[in-house]
Structures are given as C-alpha cells and as structure tokens.
There are 2 protein chains.
Amino acid sequence: MDTLETRELRYFVAVAEELHFGRAAERLGMAQPPLSRAIQQLERRLGVRLLARNRRGVALTGAGEVLLHEGRAALDATTAAARRTRRAGDGADGPDGPRNRLVLAVKAGASHELLHKLLDACAAEPGAAEIEVLPSGTCEQEAMLRDGRADVALLHTPYNSLAGFDSEELLTEGQIAVLPAGHRLAARKALSPEDIGDIPDLPLARWPRHGVYPPGPGPEIHDLTQLAQLIALGRTLAVFPDSARAWLWAEHAAVPLPDAPPVVTHIAWPAHSRSLALAALIRTATRL
Amino acid sequence: MDTLETRELRYFVAVAEELHFGRAAERLGMAQPPLSRAIQQLERRLGVRLLARNRRGVALTGAGEVLLHEGRAALDATTAAARRTRRAGDGADGPDGPRNRLVLAVKAGASHELLHKLLDACAAEPGAAEIEVLPSGTCEQEAMLRDGRADVALLHTPYNSLAGFDSEELLTEGQIAVLPAGHRLAARKALSPEDIGDIPDLPLARWPRHGVYPPGPGPEIHDLTQLAQLIALGRTLAVFPDSARAWLWAEHAAVPLPDAPPVVTHIAWPAHSRSLALAALIRTATRL
DNA sequence: CCCGGTGATACCCGCCAGGTATGACAGGCC
DNA sequence: GGCCTGTCATACCTGGCGGGTATCACCGGG
C-alpha cells in the first residue's frame with residue numbers, strides 16, 4: 001500500500017523520459033499494454049495523476065515531475081546499494097584481513113599530477129585500500145558516485161556540483177585557453193573570457209553537460225584526443241585548468257585566462273559513507 | 001539480474017536489524033521460511049554472502065553491513081519519492097495555479113522566535129508556498145528529510161549533521177544550563193561544561209540520539225514538558241541554546257555556558273531539490 | 001472517409017511470492 | 001546420554017499478479 005517497488009519506479013522513469021508508452025516499453029524489453037497497466041496501478045496506489053494523456057503523446061503533471069526526480073534518486077540509491085555490496089563481498093578476505101578496495105572516479109585526462117601524487121601516497125601508506133581508478137566521461141563523476149559505480153571522486157568546481165556529497169578541497173588552479181600554435185591570438189600574454197567567446201574563425205568547443213551538448217557553432221567533443229587534434233588543426237579552441245598543460249602538443253599554445261573563475265579540485269564521496277578505507281584515503285589526500 | 005527490488009531490501013534490512021529470521025518475519029508480517037528463502041535468493045543474485053549463520057543466531061558479514069547502510073538509504077529514497085509525489089499531487093491545483101505546500105521539520109520547542117519570524121515573513125510574501133510545520137522528536141529532522149516526511153528542516157549543529165543536505169546558516173547562539181531555581185549553582189554567573197557533568201545531586205538529563213539513550217545516571221527524557229517539570233522538581237538539569245529562555249518556568253534558572261560550543265541553526269533541504277517554492281523559502285529565510 | 005498512430009481494455013497463462021509442515025542441527029538441562 | 005528447545009533450511013502446494021497477444025477507442029491528417 002505504501003512502498004513503491006523499484007520495478008514501478010523503473011517503469012515510470014522510462015515512460016517519463018520517453019513521454020511515449022510504446023518506446024518506453026521497447027526500452028524496458030516488454031510489451032506496451034502491461035506497461036500502461038503498471039503505470040495506472042501506480043497512479044491509483046499513489047492517488048495521484050502522474051501523466052496527462054493527450055491522445056497525441058503524453059506529458060508530465062507536476063506530481064509526475066516530482067516522481068521523476070525523486071524516483072531517479074531512489075533508483076540510483078538502490079543500484080548503488082547493489083554495486084557497493086557486490087564490491088564489498090567481491091574479494092572480501094585477502095591474505096591479511098578483509099581486502100579493501102575503493103573505486104575512484106576521475107575525469108579522463110584531468111588532474112594528472114595530482115592523481116599521480118595521490119596514488120603514490122596511497123601506495124606508500126601501509127595497509128591502505130587498493131585504489132581502482134575509473135576514468136569517467138565529461139561531468140559523469142557525480143552520477144558515478146550516486147549510482148555506486150564509484151566510491152569517491154575528484155570533482156572540479158564550477159564544472160561539477162558538490163550537492164549531496166561530502167568533500168575536501170585539494171587544489172585551486174587558474175584556467176588557460178588552448179588554441180592552435182599558429183593562431184594570431186596565441187602570442188597574447190593573456191586573454192579574457194569575452195575575447196574567446198566569439199572569435200569568428202575559432203569557435204569554442206562544446207562538451208556534453210549531462211549527456212546533452214549546449215548550442216553553439218563549435219564542434220561536439222567526445223574525447224580529449226579528438227579535441228586535441230581539432231585544436232591542432234586550427235578548427236576550435238577550448239578552456240582548461242592550468243594542469244592541462246601536461247598533455248599539450250607542440251602545435252598547441254596555452255594562453256592564461258586571468259579573469260576566468262578558478263577551478264577547484266575536490267575529493268568527494270557520498271555523505272553517508274562510513275568506510276575506514278575511505279577515511280584513510282581522504283586523510284592521505286588532504287595531506288598532499 | 002542486476003536490480004534489487006525494494007521488497008528484498010526491506011526484508012534484508014529487517015533481518016539485519018533483528019539478527020533473527022523469526023523476529024524479522026514477524027515484524028514484516030510474514031512467515032519465516034519465505035523470508036529465509038528470499039534472503040538466500042538475494043545472496044545468490046548478488047553473488048555475496050550477507051549473513052553468517054551461526055546456528056545460534058545470525059551475524060552480519062562486511063558486505064552485509066554495506067548493504068544495511070546503503071539499503072537503508074535506498075529505502076529512505078524510495079519512500080521519500082512516494083511521499084513527495086503524493087504531496088505534490090495532493091491539492092495540486094488551487095484557485096490560482098498549482099498550490100505549493102512545503103513541510104518544514106523543526107525540533108519540537110526549539111527556535112521559537114526564529115520560526116515565528118520565518119513564518120511571518122512567508123505569510124507576508126505574496127504567492128509564497130504554504131508552510132506546514134512538522135514538530136519532530138529529538139534529532140529526528142534528518143531522518144524526516146531523508147525519507148520525505150519533510151521537504152526542509154531547521155537543523156542545529158553540533159547536535160545535527162548536515163551531511164547530504166544543502167543548507168544555509170541562519171542563527172548562532174550560545175548555550176545555557178537550565179537548572180532548578182533554588183539550586184546552589186543557580187546563582188552563578190557562568191558555568192563550564194565540566195562543572196555540570198558530574199553534580200552528584202543533579203544528573204544531566206539524557207535525550208535519545210537516533211532512538212537510543214546514552215548511558216548515564218540522569219532521567220530519560222521524552223518531551224520538553226516532562227523535562228521542564230523534572231528540572232523544576234530539582235531532579236535534573238539540561239543544556240539548551242539561548243533561545244530556550246523563551247519557555248522557561250519561574251522555578252527554572254538559566255546560567256550561561258560560555259565555553260560550550262555555540263549552536264548554529266541551519267535551514268537544510270535535500271541536495272537534489274529543484275523546487276521553486278523551496279528556493280523562495282530559503283531566500284526568505286536567509287534575509288531574516 | 002479511411003488510415004496510421006497512440007494509449008486503454010479484455011483475456012489468458014505461467015511463474016513466483018507466500019503459506020504450512022517438517023527437517024537438520026546445536027546447545028542446555030536433567 | 002536422552003530430551004527438549006530454539007533456530008534456520010527444505011519440501012511442497014496454491015493464488016495472485018506480472019506479462020503476453022489480440023483488439024478496441026480515439027484523434028489527426030491526407
């Protein structure tokens with residue numbers, strides 16, 4: 001009477017995202033009629049109208065939007081429970097006591113130096129947990145923490161949000177514009193954010209934010225190598241924290257952006273975590 | 001294969017809390033054998049041993065402890081989804097547009113003045129959400145935010161933890177010792193935390209923290225009136241923020257505790273909240 | 001007017017959650 | 001040792017419900 005089943009949440013989230021029973025059913029690997037019925041039962045049990053059926057597709061009601069948000073969070077929490085439990089039991093007992101393993105999510109290609117120092121420090125620590133580094137797509141570390149693919153992550157404000165996590169500050173850096181070495185602006189000592197917003201021959205590269213690309217003239221970027229190449233070819237420019245200098249090519253030029261907001265790297269973890277291994281890692285990280 | 005059902009989580013949490021299949025089954029309103037089988041299936045599906053059966057009761061394995069913590073969080077999230085969805089649809093459309101309603105959890109009897117000012121300010125705000133004040137037991141506001149009984153809460157550090165919530169600071173106050181007016185210490189200008197820890201004839205009252213009472217000689221307190229009476233009768237003393245002076249009796253005396261840590265009142269809400277009504281309330285609160 | 005597309009309804013079936021009865025096993029007691 | 005008790009596991013059965021197929025009701029467009 002009171003408790004939602006995860007199955008129902010999965011079904012509703014699918015329908016709410018697709019706004020189409022047929023496509024949602026396909027995505028769920030089932031037929032459309034039982035899905036319709038399940039949603040109806042859900043609405044009856046909650047005593048709330050979730051979807052406005054418009055004969056031509058479907059729209060979310062206010063309550064539906066609430067359930068979409070809260071339901072996603074709940075689904076993330078349950079899959080996180082499953083994943084973390086599996087990991088906890090995986091190699092539960094090594095040669096000396098329970099073998100602890102932590103999955104650390106990092107933006108692929110970011111914070112090279114910092115990460116290197118962190119891993120070295122952990123390796124030096126006797127009895128510290130084994131760290132598995134999990135490279136993540138753009139801005140995906142937050143989702144990985146929420147759904148249990150990772151136990152701890154390196155996040156970069158203002159690109160990432162720390163909402164819902166506990167965190168410690170690790171490093172603050174300025175930003176640079178990375179552009180083709182031959183470009184006329186490459187010789188400048190500094191640039192401002194306005195300068196690079198509308199260069200006719202060099203549009204700003206676009207990264208996906210939570211899976212969607214912002215509008216704009218620049219190319220859509222999938223990975224760092226691709227971006228590096230496009231910059232080297234003179235087709236785009238991009239903005240990075242200082243530490244990106246580590247992977248620049250000869251054909252790249254870096255120009256400081258003194259007025260851009262500083263990028264702060266944090267180590268972040270789910271607020272309810274109660275793991276000794278994690279606490280040790282955080283202590284190690286903040287001592288760097 | 002991959003996703004845990006809430007039913008399984010409920011079952012496991014019950015067993016993990018009782019550490020006894022029979023009692024857990026009773027609590028769940030079902031027979032013991034299907035519960036045993038469900039837990040076995042869960043262990044098989046996760047590929048992980050959750051419970052160590054000791055012929056004489058049951059103990060949690062490491063993975064079991066992880067699932068207990070994460071599973072509780074997941075269950076809270078799903079019941080929160082159900083509750084908030086119900087509330088969102090409840091009186092979804094009032095006379096003028098969607099009627100917004102927020103449930104604000106406050107520790108019963110705390111922050112009288114602040115709360116009064118906040119409610120007045122909200123009432124003055126045109127188009128602001130209707131605020132339902134939900135008095136909570138000791139330290140229960142956090143749980144209420146997590147499981148959706150409340151949308152927003154007033155929390156008091158260091159008694160409450162802000163972990164997992166977004167929050168804004170509202171008020172900082174010192175603490176006072178409340179003791180019988182006739183007591184020899186009532187005339188003192190100030191007391192230190194050590195002073196009040198071991199007064200032979202006046203043991204410190206004990207509040208439940210997350211449902212359990214800390215050990216000690218003092219009486220176990222259930223509500224504020226009861227405590228007030230016990231103090232007035234000269235049976236105990238208690239520590240409160242300054243604002244508690246509002247409800248003191250004539251037979252009470254308040255002595256400042258300048259060395260006690262200050263109590264900071266925060267307004268806190270689930271980090272993932274995206275409600276306009278909530279944002280407005282927070283803006284109102286921080287402007288006080 | 002018919003046709004394509006959408007969600008709802010009707011009906012059926014097989015699986016699995018849950019119940020009852022019983023077993024297996026360890027410990028305490030006389 | 002024999003027995004009882006408490007505990008979890010096993011065996012077996014049943015009913016409900018989750019899911020499938022076929023079909024309907026409805027609307028918009030050519």
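Numbers restart at 1 for each chain; the letters A, B, ... are given by sequence-line order, proteins then strands. It should be emphasised that the depicted structure is a prediction, and the values quoted were computed from it without experimental measurement.
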Inset, instruction - Report the distance from atom CD of Glu5(A) to atom C1' of dC16(C), rounded to the nearest whole Å. - result: 14 Å
Legend entry - Nucleotide dA9(D), atom C1' - distance to CD of Glu43(B) in whole Å: 12 Å
Legend entry - Distance in angstrom units between Leu51(B) CG and dT7(D) C1', rounded: 14 Å
Inset, instruction - Measure the CZ-CG distance between Phe12(B) and Leu75(B) for me, rounded to the nearest 0.5 Å. - result: 11.0 Å
Inset, instruction - Please list, by residue number, the residues of residues 14-32 of chain A whose heavy atoms come closer than 4.0 Å to an atom of DNA chain C; answer none if no residue qualifies. - result: His20(A), Phe21(A), Gly22(A), Gln32(A)
Inset, instruction - Starting at atom CD1 of Ile39(A), determine the distance to atom C1' of dG19(D), rounded to an integer number of angstrom. - result: 14 Å
Inset, instruction - Decide, yes or no, whether a salt bridge links Glu8(A) with Arg45(A) under the criterion of side-chain N to carboxylate O below 4.0 Å. - result: yes
Inset, instruction - Could you check how far CD of Gln40(A) sits from C1' of dG7(C), rounded to whole Å? - result: 9 Å
Could you pull out the protein-nucleic contacts involving nucleotides 16-18 of chain D (nitrogen or oxygen on both sides, under 3.5 Å)?
from    : atom 1 : to       : atom 2 : distance (Å)
dG18(D) : OP2    : Gln41(A) : OE1    : 3.4

Legend entry - Other residues, nucleotides, ligands: >12 heavy atoms within 6.0 Å of Arg10(B) CZ: yes
Legend entry - Protein-nucleotide distance (Leu35(A), atom CG; dG19(D), atom C1'), rounded to Å: 11 Å
Legend entry - Side-chain N,O (Ser36(A)) to OP1/OP2 (dA8(C)) below 4.0 Å: yes
Legend entry - Separation of dA8(C) P from Arg44(A) CZ (nearest whole Å): 12 Å
Inset, instruction - Calculate the interatomic distance between Arg53(B) atom CZ and dG27(C) atom P; express it in whole Å. - result: 17 Å
Inset, instruction - Please determine if Arg53(B) and Glu43(B) form a salt bridge, counting it only when a charged side-chain N lies under 4.0 Å from a carboxylate O. - result: yes
Legend entry - Most 5' of Pro33(A) and Pro33(B) on DNA chain D, judged by nearest nucleotide: Pro33(B)
Inset, instruction - Rounded to the nearest 0.5 Å, what's the gap from CD1 on Ile39(B) to CG on Leu50(B)? Could you check? - result: 7.5 Å
Legend entry - N-O pairing of Glu140(A) and Arg149(A) below 4.0 Å: yes
Legend entry - Glu5(A) atom CD, over 12 foreign heavy atoms within 6.0 Å: yes
Legend entry - Glu132(A) with Arg101(A): basic N within carboxylate O range, under 4.0 Å: yes
Which pairs of donor and acceptor atoms, one on a side chain in residues 27-37 of chain B, lie under 3.5 Å apart (sequence neighbours left out)?
from     : atom 1 : to       : atom 2 : distance (Å)
Arg27(B) : NH1    : Glu17(B) : OE1    : 3.2
Arg27(B) : NH1    : Glu18(B) : OE2    : 3.1
Arg27(B) : NH2    : Glu17(B) : OE1    : 2.8
Gln32(B) : NE2    : Ser36(B) : OG     : 3.1

